[in-house]
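The analysis underlying the following values was restricted to heavy atoms, covering all of them including side chains, and did not include hydrogens, waters or symmetry mates. The shown structure was predicted, so the numbers you read here are calculated from the model rather than taken from an experiment.
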Amino acid sequence: QVQLVESGGGLVQPGGSLTLSCVASGSIFHVVAMGWYRQAPGKERELVASVNSGHGTNYADSVQGRFTISRLNGDNSVYLQMNSLKPEDTAVYYCNMRAYETALNWGDFWGQGTQVTVSS
């Protein structure tokens with residue numbers, strides 16, 4: 001079984017920073033990409049940032065220039081450095097991994113989510 005565990009969420013004031021961490025474990029043959037999604041109350045889950053196996057990155061327009069996604073060399077961990085946080089960033093943040101469990105079988109795997117609250 002593949003398991004993703006997020007950490008690092010919490011309460012922060014506007015303009016502050018947080019770093020989210022996600023560690024994947026289990027039957028991971030090859031990681032295609034990892035990313036962070038978020039879901040605010042009453043809204044659909046949206047992509048925040050992603051990084052592929054070649055370390056190419058993609059960011060939502062709303063976080064461009066403020067957030068940075070990174071991966072370790074082992075490709076089983078991903079981080080999201082969140083700077084200049086705004087109240088609009090308040091959401092549950094979910095780690096996602098697209099990975100091959102075997103040479104022929106792949107899927108998308110999700111963490112349980114970590115709450116980020118930006119408020120004064």
Side-chain angles (χ1 to χ4, degrees):
Q1 296 181 9
V2 174
Q3 181 176 329
L4 276 65
V5 179
E6 303 107 329
S7 62
L11 175 65
V12 64
Q13 294 187 346
S17 298
L18 284 174
T19 300
L20 305 183
S21 300
C22 174
V23 179
S25 61
S27 301
I28 305 170
F29 180 77
H30 174 70
V31 176
V32 177
M34 298 189 76
W36 289 94
Y37 291 72
R38 67 186 181 188
Q39 187 166 22
K43 292 190 174 183
E44 296 183 0
R45 188 172 300 186
E46 64 175 354
L47 175 68
V48 177
S50 64
V51 56
N52 62 27
S53 60
H55 299 285
T57 57
N58 182 55
Y59 296 93
D61 290 342
S62 59
V63 307
Q64 183 73 241
R66 299 189 296 121
F67 292 7
T68 303
I69 190 169
S70 61
R71 290 173 63 187
L72 297 179
N73 289 336
D75 292 335
N76 64 344
S77 299
V78 65
Y79 304 89
L80 186 67
Q81 177 65 47
M82 309 166 67
N83 298 324
S84 302
L85 283 162
K86 305 175 181 179
E88 305 90 86
D89 296 317
T90 296
V92 178
Y93 284 70
Y94 297 90
C95 180
N96 168 263
M97 180 179 71
R98 176 165 290 186
Y100 283 84
E101 293 182 278
T102 69
L104 300 176
N105 185 257
W106 64 269
D108 283 316
F109 306 93
W110 296 89
Q112 82 287 352
T114 184
Q115 177 70 46
V116 172
T117 302
V118 185
S119 176
S120 59

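- Here the OG atom belonging to Ser25 is positioned 5.0 Å from the CD atom belonging to Gln3, to the nearest 0.5 angstrom.
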Worked verdict on Thr114 versus Leu20 for side-chain contact (heavy atoms from CB on, under 4.5 Å): CA-CA 8 Å; Thr114 184; Leu20 305 183; 4.1 Å; yes
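- Of the possible donor and acceptor atoms, one in the side chain of Asp89 sits under 3.5 Å from a partner among the backbone N and O of Lys86.
- The closest side-chain donor-acceptor pair between Gln64 and Ser62, if any, does not fall under 3.5 angstrom.
- Relative orientation of the Trp110 and Tyr94 rings is perpendicular, given thresholds of 30° and 60° on the angle between their planes.
- Across every non-hydrogen atom of Leu85 and Val12, the tightest pair is CD1-CG1, 3.4 Å.
- One distance of note links CH2 of Trp36 with CG of Asn96; it measures 10.5 Å at 0.5 Å rounding.
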Worked verdict on Met82 versus Val63 for side-chain contact (heavy atoms from CB on, under 4.5 Å): CA-CA 9 Å; Met82 309 166 67; Val63 307; over 6 Å; no
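- Residues Tyr79 and Ile69 have side chains not in contact (no heavy-atom distance under 4.5 Å, counting atoms from C-beta outward).
- Here the closest non-hydrogen pair linking Tyr37 and Val48 is C-CG2, 3.9 Å.
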Intermediate values then yes/no, side-chain contact (heavy atoms from CB on, under 4.5 Å), Leu18 and Val116: CA-CA 9 Å; Leu18 284 174; Val116 172; 3.9 Å; yes
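- When atom types are taken as modelled, the side chain of Glu46 and the backbone of Arg38 share no donor-acceptor pair closer than 3.5 angstrom.
- At least one side-chain heavy atom of Met97 sits less than 4.5 Å from a side-chain heavy atom of Ile28.
- Side chain of Arg66 to backbone of Ser84: a donor-acceptor contact under 3.5 angstrom is found.
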Chi angles and distances behind the side-chain contact (heavy atoms from CB on, under 4.5 Å) call for Phe109, Gln1: CA-CA 10 Å; Phe109 306 93; Gln1 296 181 9; over 6 Å; no
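- The environment of Tyr100 atom OH is sparse: at most 12 non-hydrogen atoms of other residues, nucleotides or ligands sit within 6.0 angstrom.
- Residues His30 and Val32 have side chains in contact (heavy-atom distance under 4.5 Å, counting atoms from C-beta outward).
- For Phe29 against Ala103, the heavy-atom pair with the smallest separation is CE2-CA, 3.7 Å.
- Cys22 has its side chain within reach of Val78: a pair of non-hydrogen atoms, C-beta onward, lies under 4.5 Å apart.
- Between the side chain of Glu6 and the backbone N or O of Gln112 there is at least one donor-acceptor pair closer than 3.5 Å.
- Of all heavy-atom pairs spanning Val2 and Ser27, the tightest one is CG2-O, 3.6 Å.
- The shortest heavy-atom contact between Met34 and Cys95 is CE-SG, 4.1 Å.
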Worked check of side chain to side chain donor-acceptor pair (under 3.5 Å) between Gln81 and Thr19: CA-CA 4 Å; Gln81 177 65 47; Thr19 300; 2.4 Å; yes
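- Counting only distance, with no hydrogens or angles, the side chain of Ser50 and the backbone of Gly35 share no donor-acceptor pair below 3.5 Å.
- For the pair Arg71 and Asn52, the tightest heavy-atom approach, listed with the atom from each and the gap, is NH1-O, 2.9 Å.
- Looking at Ser77 and Ser21, their side chains never come closer than 4.5 Å, going by heavy atoms from C-beta outward.
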